[in-house]
2 protein chains.
Amino acid sequence: MDDKDLQILKLVQSNARLTADALSLEVGLSPPAIQKRLRKLRDTGVIENEIAVLSPAKLGRELTVIVQVVLERENRMYLDTFKRTMRNAPQVQQCYYTTGEADFVLVMTVKNIKEYEEFTQEYFFDQSNVSRFTTSVVMDRVKVSLDIL
Amino acid sequence: MDDKDLQILKLVQSNARLTADALSLEVGLSPPAIQKRLRKLRDTGVIENEIAVLSPAKLGRELTVIVQVVLERENRMYLDTFKRTMRNAPQVQQCYYTTGEADFVLVMTVKNIKEYEEFTQEYFFDQSNVSRFTTSVVMDRVKVSLDIL
DNA sequence: GGTGAAAACCCCGTCTG
DNA sequence: CAGACGGGGTTTTCACC
């Protein structure tokens, strides 16, 4: 992991379609050298995966909400159950287990408020372990990235 | 936008490296047909971009925090200034302008609590428009994706 | 890490249902 | 109009230096 690797990572974290050829011009290595580094970065898990970012608006998921969830009982089994449920819920983009007021913070995308209401019915009310939750409706997705460099 | 497109999107949103050949087997179209659809999905903005997801842990960004920010004055100019600042701050992965208690919700990744403290000094205290903010430290990144299908 | 050849993949015509 | 085939060009891959 040297400076060249960091340069490559900075570029591909916002555009994974850059060819080894294009990268080689920026970084100053031959295309095969770039490929070797990319392979290593993938194998070692520095690059976790490469994904297509879809437009929520163009796919009818106009509504983004942020939810803070407080659980009723906070023991290992209940925590794991809740985590597993969130991982399997397609409406839940992100789920964080946090310190502070809430136990979990969720970032969700849904078609409309009705779909969100149905989600809360299914996951927060019916025989669940959720004590209370507060909902914030997103008016502007000011910045949405996974960049870390 | 038919069912075939949706199938393609579902696959590439979690793995953008799938070749047209591999996709053709799943979807039941010829590789050129897949490519034509992919091109259209990119051109129309349904696929916004393709990115490499990096491991925060392996790059020394061990700490994720979620911050709720309340502004002092909430007029157009102050809002736009705050949004622009967040977009340009590399520590801020995501920034949402929301209804509810907080004006903004941030998802941030930092090296350690010291870097976060410095960030708050620079962006929240020094001559800023921030009234107050509450910090939640992430103990488990249960689910972090941008999947919407 | 660089070089060069082979393989795989992508993209563009054209054709067909 | 959307999909299937076939070419040529690009990109990736791999052996070797």
Side-chain angles (χ1 to χ4, degrees), chain A residues 1-62 90 109 111 144-149, chain B residues 1-61 90 111 144-149:
Chain A
M1 269 296 281
D2 58 6
D3 186 58
K4 304 279 190 193
D5 281 331
L6 283 177
Q7 280 187 60
I8 296 172
L9 291 172
K10 266 181 210 167
L11 291 164
V12 297
Q13 79 174 343
S14 60
N15 184 5
R17 284 174 62 73
L18 289 170
T19 63
D21 209 58
L23 290 169
S24 75
L25 294 174
E26 292 287 331
V27 179
L29 292 171
S30 69
I34 298 282
Q35 298 277 16
K36 264 181 221 177
R37 281 166 179 267
L38 276 174
R39 184 197 187 99
K40 192 166 188 179
L41 290 168
R42 286 195 264 257
D43 289 348
T44 56
V46 176
I47 294 177
E48 293 183 342
N49 54 9
E50 282 141 280
I51 65 170
V53 180
L54 309 186
S55 162
K58 304 226 164 153
L59 287 161
R61 302 292 213 81
E62 308 262 13
T109 62
K111 280 207 298 290
V144 182
S145 81
L146 296 179
D147 291 7
I148 58 175
L149 290 176
Chain B
M1 267 299 282
D2 58 6
D3 186 58
K4 302 281 189 191
D5 281 331
L6 283 175
Q7 278 188 60
I8 297 173
L9 291 171
K10 266 182 210 165
L11 291 164
V12 296
Q13 79 174 343
S14 60
N15 183 4
R17 284 175 62 74
L18 289 170
T19 64
D21 211 57
L23 290 168
S24 75
L25 295 174
E26 293 288 331
V27 179
L29 290 173
S30 70
I34 298 281
Q35 301 205 354
K36 218 181 271 184
R37 281 166 178 269
L38 274 175
R39 185 198 187 97
K40 192 167 189 178
L41 290 168
R42 285 195 264 258
D43 289 348
T44 56
V46 177
I47 295 178
E48 293 183 341
N49 54 8
E50 282 142 278
I51 64 170
V53 180
L54 309 185
S55 162
K58 303 227 164 151
L59 288 161
R61 302 291 213 81
K111 281 207 297 292
V144 182
S145 82
L146 296 179
D147 292 6
I148 59 174
L149 291 177

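This one's a predicted model, so the numbers in the text were calculated from it and none came from an experiment. Residue numbers begin at 1 in each chain, while the letters A, B, ... track the order of the sequences.
- Among the nucleotides C/dG2, C/dC10, D/dA4, the one closest to the side chain of A/Leu29 is C/dG2.
- Regarding contacts with the backbone of C/dC12, a side-chain N or O of B/Arg39 is found under 4.0 angstrom from either OP1 or OP2.
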Next item on the list: Could you give me the CA-CA distance, side-chain angles and deciding distance for A/Asp3 and A/Lys10, then say whether salt bridge (Lys or Arg N to Asp or Glu O under 4.0 Å) is met?
Entry: CA-CA 11 Å; A/Asp3 186 58; A/Lys10 266 181 210 167; over 6 Å; no

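- The only member of A/Arg37, A/Arg39, A/Lys36, A/Arg42 that meets salt bridge (Lys or Arg N to Asp or Glu O under 4.0 Å) when paired with A/Asp5 is A/Arg37.
- For the pair B/Met1 CE and D/dA2 P, the interatomic distance rounds to 14 Å; values are reported in whole Å.
- Side-chain proximity of B/Ala33 to the nucleotides C/dG2, D/dT12, D/dG3 is greatest for D/dG3.
- In this structure, B/Gln35 atom CD and D/dG8 atom P are separated by 18 Å, rounded to whole Å.
- One atom, CD of A/Gln7, and another, C1' of C/dG1, lie 16 Å apart when rounded to the nearest Å.
- Regarding A/Ile8, its CD1 atom lies at a distance of 12 Å from the P atom of D/dT12, rounded to whole Å.
- Between A/Leu6 and A/Met1 there is a side-chain heavy-atom pair separated by less than 4.5 Å.
- No side-chain donor-acceptor contact under 3.5 Å links B/Asp147 to the backbone of B/Leu149.
- Residues A/Leu18 and B/Lys40 both approach DNA chain D. Their nearest nucleotides, taken by heavy-atom distance, put B/Lys40 toward the 5′ side.
- Interface remark: the A/Lys4 side chain does not form any donor-acceptor pair with the C/dG1 base, using a distance-only criterion of under 3.5 Å.
- Note: CD1 (B/Ile34) to P (D/dG3) measures 9 Å, nearest angstrom.
- Residue B/Arg37 places at least one side-chain N or O closer than 4.0 Å to OP1 or OP2 of D/dG3.
- For the pair B/Asp2 CG and D/dC1 C1', the computed distance is 13 Å after rounding to whole Å.
- Residues B/Ile51 and A/Glu50 form no side-chain contact, since every pair of their non-hydrogen atoms from C-beta on lies 4.5 Å or further apart.
- Annotation: of the two residues near DNA chain C, B/Arg42 and B/Lys36, the 5′-most nearest-nucleotide partner is B/Arg42.
- You'll find that the side chain of B/Thr19 is closest to C/dC9, out of D/dT12, C/dT3, C/dC9.
- Atom CZ in A/Arg17 sits roughly 15 Å away from atom P in C/dC9 (whole-Å rounding).
- Set against D/dT12, C/dT3, D/dC5, the side chain of A/Ala20 has D/dT12 as its closest nucleotide.
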